[in-house]
> 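Here you go, one structure.
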Amino acid sequence: MKLLTLDLQYFAGEKTEKATPKKRQDSRKKGQVAKSQDVTVAIGLFAVFLFLLSAGSYLKKSILSILQHSFQEYMLMELTEANVQRIFFEIMKEMAMLVGPIMLVGLIAGVAANYFQVGFLFAPESIQMKLEKIDPIKGFKRIFSLRSVVEFLKSILKLSIVGVITFLVLWSRMDEILILSQKTIGAALATLADLTLQMGLFAAGALLFLSLLDYLYQKYDFEKNIRMSKQDLKDEFKNSEGDPLIKSKIKQKQREMAMRRMMQEVPNADVIITNPTHYAIALKYDEKKLDAPFVVAKGVDYVAQKIKYIAKENQVIMVENRPLARALYSQAEIGATIPEEFFKAVAEILAYVYRTKNII
């Protein structure tokens, strides 16, 4: 029996169930989402090389402008503090005009890649300082974990593919490379730029394909890590719905408050229709509120006895009518008018009550 109990506890704690929406939301708040950094890098790299391909003439003019100013102006200027400062700021401005668009394209591509993967995400908790992050034992475990091995193999694979692509591109254009020394400087630079763009685009395309596979793996690994056990599901349901014990106490308090409000209305009733021992229905007729008599209180057994006790204390007339008491209890709700089929019987009782009060 003990062994069976342990087995049940083990299976209850085994994470075999899919994560609930609340679990996913909590993980997202902590910054735990299915995201591949390789996708961001590959898209950014691919976007940069596409920009270089489309903006080649602009970049060529910028580079030539920098070289022209350097050799024709800056090198002929007198070396003074003011001239050095001027040269520095002018070169920085030209470099910004050259590198700025490239960096902006990479930034936009990176942000877009992250947005397409996880949407807008702000998780301050993920950047909080935690002592466990500098724990050497946990750090050692992370280094030699299955995830680190997978990341290492991924890096080897990416380097190998980029190396193979670079070799194939160079090999396919070996004839052009061998005659670079016979070309002018401008033609040689143009050939080298074309080779660089070709290798970059092919390598970025291959990395983009690998990153999509990596994203699928990251998504699988994320789903596996956020799985829940049956006990986790029960605990989450209990926390979301509330502790049954607390809920029962709240309902009990609500019933007690409703009972007190109902008993406070009994002295205002016109008549109490009784079983006489098991049922008690307190009725009132107020044409300013409703067009027909309505129920202000009702109950059976103990509640019925309490209604009759309060009615007696406040000199509310009680009338015994067993069939009517049972019928009103089952068909009339507190605060609502009585059903139409009971109008005649209740009207006769109220007439009797009003005559009795006039006699008194």
Side-chain angles (χ1 to χ4, degrees), residues 35-117 120 155 158-212:
K35 185 183 76 169
S36 172
Q37 195 63 35
D38 290 352
V39 172
T40 305
V41 174
I43 291 179
L45 192 63
F46 195 74
V48 166
F49 277 106
L50 282 178
F51 175 76
L52 293 176
L53 181 64
S54 61
S57 60
Y58 165 77
L59 297 175
K60 178 183 176 181
K61 290 179 181 179
S62 298
I63 294 173
L64 290 176
S65 176
I66 294 173
L67 293 175
Q68 183 179 5
H69 290 163
S70 298
F71 289 106
Q72 293 182 359
E73 295 182 23
Y74 303 147
M75 294 185 68
L76 300 177
M77 293 175 64
E78 186 180 354
L79 191 62
T80 63
E81 182 179 351
N83 287 339
V84 170
Q85 186 175 4
R86 175 192 166 193
I87 292 170
F88 175 78
F89 283 112
E90 287 185 359
I91 291 178
M92 287 297 101
K93 180 181 177 181
E94 292 179 344
M95 289 297 294
M97 296 295 292
L98 174 65
V99 180
I102 301 175
M103 297 179 64
L104 181 61
V105 168
L107 176 63
I108 294 174
V111 171
N114 276 295
Y115 180 80
F116 287 138
Q117 289 186 84
F120 179 76
S155 300
K158 287 186 288 185
L159 287 174
S160 301
I161 289 178
V162 171
V164 169
I165 289 175
T166 303
F167 172 78
L168 292 175
V169 172
L170 293 175
W171 184 262
S172 66
R173 303 183 62 174
M174 186 59 67
D175 294 339
E176 297 179 55
I177 296 173
L178 291 175
I179 61 173
L180 281 177
S181 60
Q182 303 174 17
K183 295 182 177 182
T184 62
I185 294 177
L189 290 176
T191 302
L192 291 175
D194 188 50
L195 278 170
T196 303
L197 284 175
Q198 188 177 1
M199 288 186 293
L201 286 172
F202 285 171
L207 291 177
L208 183 59
F209 174 74
L210 289 177
S211 68
L212 295 177

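Only a predicted model underlies this, so the values are computations on that prediction, with no experimental measurement involved.
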> Looking at Asp194 and Ala190, would you say the former's side chain and the latter's main chain have a donor-acceptor pair under 3.5 Å?
no
> Can you find a pair of side-chain heavy atoms, one from Glu176 and one from Leu195, that are under 4.5 Å apart?
no
> Tell me, please, which residues at least two apart from Ile91 pass side-chain contact (heavy atoms from CB on, under 4.5 Å).
Tyr74, Ile87, Met95
> Roughly how far apart are Met199 CE and Leu168 CG, rounded to 0.5 Å?
11.5 Å
> Which atom pairs, one a donor and one an acceptor, fall under 3.5 Å between side chains of residues 201-209 and the rest of the protein, sequence neighbours left out?
none

> Quick one: are Ser36 and Gln117 in side-chain contact, heavy atoms under 4.5 Å?
yes
> Name each donor-acceptor pair under 3.5 Å that joins a side chain in residues 37-50 to protein atoms two or more places apart or in another chain, with its distance.
{"unit_1": "Asp38", "atom_1": "OD1", "unit_2": "Lys158", "atom_2": "NZ", "d": "3.1"}
{"unit_1": "Asp38", "atom_1": "OD2", "unit_2": "Lys158", "atom_2": "NZ", "d": "3.4"}

> With sequence neighbours left out, what residues match Ser155 under side-chain contact (heavy atoms from CB on, under 4.5 Å)?
none
> Just list the side-chain donor-acceptor pairs under 3.5 Å for residues 178-189, sequence neighbours left out, or say none.
{"unit_1": "Lys183", "atom_1": "NZ", "unit_2": "Thr191", "atom_2": "OG1", "d": "3.1"}
{"unit_1": "Thr184", "atom_1": "OG1", "unit_2": "Ala187", "atom_2": "N", "d": "3.2"}

> In Å, rounded to the nearest 0.5 Å, how long is the span from CG of Leu170 to CD of Gln198?
9.0 Å
> Step by step, would you call Leu52 with Thr196 a side-chain contact (heavy atoms from CB on, under 4.5 Å)?
CA-CA 10 Å; Leu52 293 176; Thr196 303; over 6 Å; no
> With sequence neighbours excluded, what pairs up with Phe167 under the ring-ring contact (aromatic ring centres under 6.0 Å, His included) test?
Trp171
